[in-house]
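In what follows, a structure is listed as structure tokens, so that the remarks can point back to it.
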Amino acid sequence: MSQQHYRPTFIKVNLQAIQNNIKRLKETLPTHTGVIAVVKANGYGHGDVAVAQAALKAGSKILAVATPEEALHLREAGIQADILLLGTTPLSFLEEASKQNITLTAYSYEWLIATRDIQGPLKLHIKIDSGMGRIGFMDETELKMALAFIRQSEGLQITGVFTHFATADEEDQTLFQQQVSKFEKLLNVFEQRPAIVHTSNSAAALIYPDQHWNAVRFGISMYGIAPSPWINGELPFSLEKALSLHTEVAHVKKVLKGSTIGYGATYVAPTDEWIATIPIGYADGLLRKLHNQSVLINGKKMPIVGRICMDQTMIRLDEKVEIGEKVVLIGKQETEEILIEEWAEALQTIPYEVCCTFSNRVPRIYSK
Ligand SMILES: *Cc1c(COP(=O)(O)O)cnc(C)c1O
């Protein structure tokens, strides 16, 4: 812990779990296939620098981020490994990208020719839009023009080519197979195949061995989370969850039957009962829609009662507990476990989004 924390609310990140997930994935890959560790969005909320260091230790050679700021944050932390910026890059970042050895995604002819004034060297991965409909070259003509432009530009260097699947985590393979064919067709446009060809996100990396190429982009599953319920049933090895969310009971009181709890007085105690207050709320990522969730105290599930506040939340206890009693909101306590997938379901979203909604107010504590 680099900084003193007083409030006992924190996210614990098990870096060994992240390393184990990468190592187990690597065991399923051919030796020439590398793991690109995707650490965008602050390492899916786990902490970008710590996750990046763990991933490099586990044998990843390349890190991937979404924005210039994310790439620079890793460089400022002293990380020298190759970094691939997956998203669109504003032209104002080109010079800095070159200086800091950050590989950019080339995704359109228009963007590419706008790099003409850059001295370089600038490393590029060519993005093919094979059906995701987000960014990338969509047809042979535009791709040929782009490759011709790069050939006559001294500063530009193609080090990779990639695409991204829209439905790799779904059972129906129709679009997936169309994307594979389209990518392979456009790959034939290259006179010389770039050194790093990569197509797979976690889902494809886990279940489509024929999509391993030279590297796979390992995001959500590096953190121990399955990309979808379907993939969860098809995993080639078990994933270890890295993140758990903790706090402690800060206040305990007995309330009488008929007492109201929280804003709007939405909860009325049906009997005399024990209520705990915990120091975590929606400003931390315990979103108000989670008001029907439970937390773990003494190895048992205890329900949230009333509305979740910005900084505090009330819990109905089955018996009096001590102040300082440990509370687990996501993760294991004794034999019980609350999964991030349960939060995602309650929030009608996916675990990816839940990871990204934990705020900066919650310290990340790392265990090795
Ligand atoms: C975020 C992202 C990934 C990682 O996907 P996961 O499903 O988390 O493994 C891979 N590739 C691209 C282009 C991405 O934007």
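In listed order, ligands and their atoms are each counted from 1. Worth knowing before you read on, the calculation uses all heavy atoms, side chains too, and leaves out hydrogens, waters and symmetry mates. The first residue in the sequence is number 1, and the count goes up from there.
- Atom 7 (O) of ligand 1 has as its closest protein heavy atom Tyr352 OH, 2.6 Å.
- With a 4.0 Å cut-off on non-hydrogen atoms, Pro227 does not touch ligand 1 at all.
- Every N/O-N/O distance between Phe218 and ligand 1 stays at or above 3.5 Å.
- Between the side chains of Thr277 and Gln312, no donor-acceptor pair of N or O atoms lies under 3.5 Å.
- With hydrogens left out, the protein atom closest to atom 11 (N) of ligand 1 is Arg217 NE, 2.7 Å, a heavy atom.
- Among protein heavy atoms, atom 14 (C) of ligand 1 sits closest to Lys40 NZ, 3.0 Å.
- Annotation for ligand 1: atoms under 4.0 Å from non-hydrogen atoms of Tyr44 are 1 (C), 4 (C), 5 (O), 6 (P), 8 (O).
- In this structure, atom 13 (C) of ligand 1 lies nearest to the protein heavy atom His164 ND1, 3.7 Å.
- In this structure, Phe137 has its ring center no closer than 6.0 Å to that of Tyr109.
- Considering backbone and side-chain atoms together, Leu86 places no N or O closer than 3.5 Å to any N or O of ligand 1.
- In terms of polar-atom proximity, Ser221 is not counted as a contact of ligand 1, lacking any N or O under 3.5 Å from an N or O of the ligand.
- Residues Glu240 and Asn20 have side chains that bring a donor and an acceptor to within less than 3.5 angstrom of each other.
- With 3.5 Å as the limit, one finds no donor-acceptor pair spanning the side chains of Glu184 and Asn188.
- Atom NZ of Lys182 has more than 12 heavy atoms from other residues, nucleotides or ligands within 6.0 Å.
- In this structure, His198 and Phe162 have parallel ring planes: the angle between them is below the 30° cut-off, well short of the 60° mark.
- Within ligand 1, counting atoms from 1 as listed, the ones closer than 4.0 Å to a heavy atom of Gly219 are 6 (P), 8 (O), 9 (O).
- At a 3.5 angstrom cut-off on N or O pairs, Lys127 does not count as close to ligand 1.
- Side-chain atoms of Tyr267 and Arg316 include a donor-acceptor pair closer than 3.5 Å.
- Contact atoms of ligand 1 toward Arg134: 13 (C), 15 (O) (distance under 4.0 Å to a heavy atom of the residue).
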